[in-house]
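See below for the structure under consideration.
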Amino acid sequence: MDLILLLLGFILCVVGIVGTFLPALPGISLSWLGILMIYLTSVVEINYVLLTITLIIAILIIVLDYVIPAAGTERFGGSKAAAIGTTVGLVVGIFAPIPFGFLIAPFLGAFLGEIIFNKQSNTQKAFRAATGSFLGFLASTFVSFFTACVYLGIFITIFIKNFQSFF
């Protein structure tokens, strides 16, 4: 059973890294579950502090995945309407059956939100806000990817530390 949990944990960590780029997969959540799997084995003693800290970080990253693109929109001069459009676009893009919908939809959401709901906006300002949205999305993806890689590193470190006990 320990080997199954170990293999499942490793697979979850790797799929979690891939999931940071594919919004259909909850990347950071899967990576955290991978760490949890190694602690569920009979070989590794549970470290509640590490599990709690990594869980809090995972939850924070999940929230930031929605907040950072909207903040990027506002930073580039977008209105609240563009920021809301970014968030709506991100949610729609996850479920839209179009290639790269998760990249295109937040950009379009910010652009349309700025054009439609901000009467003082022009096409250039809307494009700038949409660009901020896209850069915010890239920033949040990088943070998620980096965190998922750190979680895989934690998993591998725990495995190496307990290697002889597994075999």
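One-based numbering along the sequence shown.
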Would you say the side chain of [Y] lies within less than 4.5 Å of the side chain of [X], judging by non-hydrogen atoms?
X    : Y    : value
L3   : F167 : yes
F117 : I84  : no
L5   : I38  : no
I17  : L30  : no
T52  : L55  : no
R128 : T131 : no
I28  : T20  : no
T147 : S31  : no

Is the distance between the ring centroids of F159 and F166 under 6.0 Å?
yes
Answer yes if the ring centres of F76 and F134 are under 6.0 angstrom apart, and no otherwise.
no
To the nearest 0.5 Å, what is the distance between [atom1] ([X]) and [atom2] ([Y])?
X    : Y    : atom1 : atom2 : result
L40  : L6   : CG    : CG    : 12.0 Å
F145 : S140 : CZ    : OG    : 14.0 Å
N162 : E45  : CG    : CD    : 9.5 Å

Give me the atom names and distance for the closest heavy-atom approach of G77 to K125.
O-CE, 3.2 Å
Neighbour count >12 (heavy atoms, 6.0 Å) for atom OH, Y39:
yes
Is there a path of hydrophobic side-chain contacts, each under 4.5 Å between heavy atoms, that joins [X] and [Y]?
X    : Y    : result
I4   : I35  : no
I160 : V150 : yes
I156 : L12  : yes

